[in-house]
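What follows is a short report on a single structure.
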Amino acid sequence: MEDDGEYELCGTALHEAELLKLGNGDIARGQLVYAQRELERAEQAFGSSDPRLAVPLWSLADVYEEMGRFEDAEPLSRRAHELTASSAPNSQLATRVYGYALRLSDRGKHVEAMALYESALKLAESVAAADAMTMLLGGYAEALRRVGRSGDAEAAYRRILALAKERSRGAAGVFSMIAALQGVAESQGDQGRFDDAEACYEGALSELVRLVGEGGWKVGELLDDWAKLRRRAGQPEQAHALEVRALRVFRHHLSQVDEEDTRDPEIQNRIASLTSRIAMANRRAAGS
């Protein structure tokens with residue numbers, strides 16, 4: 001390890017056999033031993049307060065997270081984040097801080113997570129990391145919605161939309177724009193602005209159909225989500241129409257793929273939910 005070089009956790013992952021050897025036959029234990037050794041090496045080379053410790057600290061925290069040992073992971077992540085304050089900004093640090101924010105959000109610590117999302121965004125902005133910015137803004141926007149800040153969430157989704165429009169019109173850019181439009185729509189729905197949300201969903205659907213055709217399973221997903229928004233808006237008949245259309249799309253998709261792909265749990269869950277909602281709507285209509 002070079003004292004004056006940038007530190008990266010070993011640079012490469014160990015082979016499974018090496019991890020098994022380190023962990024006496026247990027890969028998870030091997031990963032833990034390896035991450036602990038790498039942190040010790042970094043501390044010996046750089047001292048205990050060098051910003052380059054952030055990466056091995058986060059790597060060890062990641063191992064603890066995978067093992068479900070959150071109480072051991074959190075202080076490591078917190079220490080790593082504190083060290084990034086004196087680090088030269090880069091997209092890797094931004095992504096790491098973002099990962100820490102996600103973990104806190106998953107455990108319901110939304111206020112702490114919000115500060116980390118904002119810190120990650122500043123890091124990404126300072127190095128003009130467009131790819132990282134799109135990902136970070138998406139997570140930040142979702143977190144804002146969870147804490148009831150739907151207006152700020154809409155603004156974050158609009159930033160993603162602007163980034164997508166500035167970049168190439170390849171498939172990835174279009175999918176990013178579609179996701180941002182849907183995010184804007186859902187945020188507007190949170191604010192009770194359902195007419196505005198409808199316009200965004202119409203735009204998202206138009207772009208998606210242009211990209212994948214009428215029968216793509218992502219079209220079914222979008223229609224299903226749009227239907228849920230219409231139910232929130234108190235428009236059951238309009239929602240029902242979208243649900244019927246979404247179910248038709250999913251069934252068409254499944255008829256075109258290999259048998260193994262028909263068992264996709266996400267699609268099967270969507271179909272089950274749609275079938276239930278449609279059946280309930282039909283029963284209500286028959287009884288009225």
Side-chain angles (χ1 to χ4, degrees), residues 133-167 169-253 266-267 269-285 288:
M133 280 294 294
T134 297
M135 177 185 70
L136 301 182
L137 282 166
Y140 181 47
E142 290 175 14
L144 287 167
R145 286 190 66 206
R146 281 197 292 269
V147 297
R149 293 170 56 184
S150 52
D152 292 330
E154 180 183 350
Y157 283 122
R158 288 194 181 280
R159 288 182 65 187
I160 299 174
L161 193 56
L163 284 171
K165 288 179 177 178
E166 287 173 6
R167 301 171 68 191
R169 293 285 291 178
V174 177
F175 277 126
S176 178
M177 184 174 69
I178 291 165
L181 278 169
Q182 188 171 359
V184 170
E186 291 294 334
S187 300
Q188 290 171 334
D190 294 341
Q191 300 169 69
R193 294 162 49 204
F194 294 109
D195 288 344
D196 292 334
E198 282 282 312
C200 284
Y201 259 112
E202 287 172 1
L205 180 61
S206 175
E207 288 289 340
L208 186 56
V209 168
R210 186 181 65 80
L211 188 63
V212 303
E214 292 277 358
W217 65 272
K218 284 188 174 294
V219 172
E221 284 190 335
L222 186 68
L223 290 167
D224 186 17
D225 291 339
W226 190 357
K228 291 172 184 174
L229 181 78
R230 283 185 168 176
R231 288 200 177 277
R232 288 167 55 196
Q235 302 171 348
E237 292 181 3
Q238 295 90 330
H240 179 70
L242 288 177
E243 287 161 354
V244 170
R245 187 175 169 191
L247 185 59
R248 189 182 306 123
V249 169
F250 281 128
R251 285 176 172 165
H252 171 77
H253 169 75
E266 184 176 352
I267 293 178
N269 288 339
R270 291 266 189 177
I271 288 175
S273 176
L274 283 164
T275 302
S276 175
R277 279 178 274 151
I278 291 169
M280 187 178 296
N282 288 338
R283 285 195 298 270
R284 286 174 180 167
S288 62

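When reading the values below, keep in mind they use all heavy atoms of this one structure, side chains included, and skip hydrogens, waters and symmetry mates.
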### Task
Any chance you could lay out the side chain to side chain contact (heavy atoms under 4.5 Å, CB included) test for Q188 and D195, step after step, and finish with the verdict?
CA-CA 9 Å; Q188 290 171 334; D195 288 344; over 6 Å; no

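- Taking every heavy atom of both residues into account, I160 and A180 meet most closely at CG2-CB, 3.8 Å.
- Donor-acceptor pairing under 3.5 Å is recorded for the side chains of R277 and S273.
- In this structure, CG on L242 lies 10.5 Å from CG on L274, to the nearest 0.5 angstrom.
- With respect to R230 and E243, no salt bridge is recorded, no charged nitrogen being found less than 4.0 Å from a carboxylate O.
- Taking CE of M133 as the reference point, atom CG of L163 lies at 6.0 Å (rounded to 0.5 Å).
- Under 4.0 Å is where a charged nitrogen must lie from a carboxylate oxygen, and between R270 and D225 at least one such pair does.
- Between S176 and T134 the shortest heavy-atom distance is OG-CG2, 3.5 Å.
- Annotation: the span from L223 atom CG to L208 atom CG amounts to 8.5 Å, rounded to 0.5 Å.
- The nearest pair of heavy atoms linking L229 to A185 is CD1-O, 4.3 Å.
- Between the CH2 atom in W226 and the CD atom in E202 there is a gap of 4.5 Å [rounded to 0.5 Å].
- Residue-environment remark: CG (N269) exceeds the threshold of 12 foreign heavy atoms within 6.0 Å.
- Taking a 6.0 Å sphere around CZ of R251, one finds it holds 12 or fewer heavy atoms contributed by other residues, nucleotides or ligands.
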Listing, residues 211-222 side-chain donor-acceptor contacts under 3.5 Å, not counting sequence neighbours, or none:
none

### Query
Do E198 and Q235 pass the side chain to side chain contact (heavy atoms under 4.5 Å, CB included) test, and can you show the C-alpha distance, the side-chain angles, and the key distance before you say yes or no?
CA-CA 12 Å; E198 282 282 312; Q235 302 171 348; 4.2 Å; yes

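- A distance of 3.5 Å separates CE in M177 from CD in E207, rounded to the nearest 0.5 Å.
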### Task
Determine, step by step, whether R210 and V174 satisfy the side chain to side chain contact (heavy atoms under 4.5 Å, CB included) criterion, reporting the C-alpha distance in whole Å, the side-chain angles of both residues, the deciding distance to 0.1 Å, and the verdict.
CA-CA 10 Å; R210 186 181 65 80; V174 177; 4.0 Å; yes

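- Remark: the E142 side chain and the Y157 side chain contain no N/O donor-acceptor pair separated by less than 3.5 Å.
- With rounding to the nearest 0.5 Å, the separation of CZ in R193 from SG in C200 is 8.5 Å.
- Applying the ring-ring contact (aromatic ring centres under 6.0 Å, His included) criterion to F250, with sequence neighbours excluded, gives no partner residue.
- Closest heavy-atom contact between R231 and A239: CG-CB, 3.4 Å.
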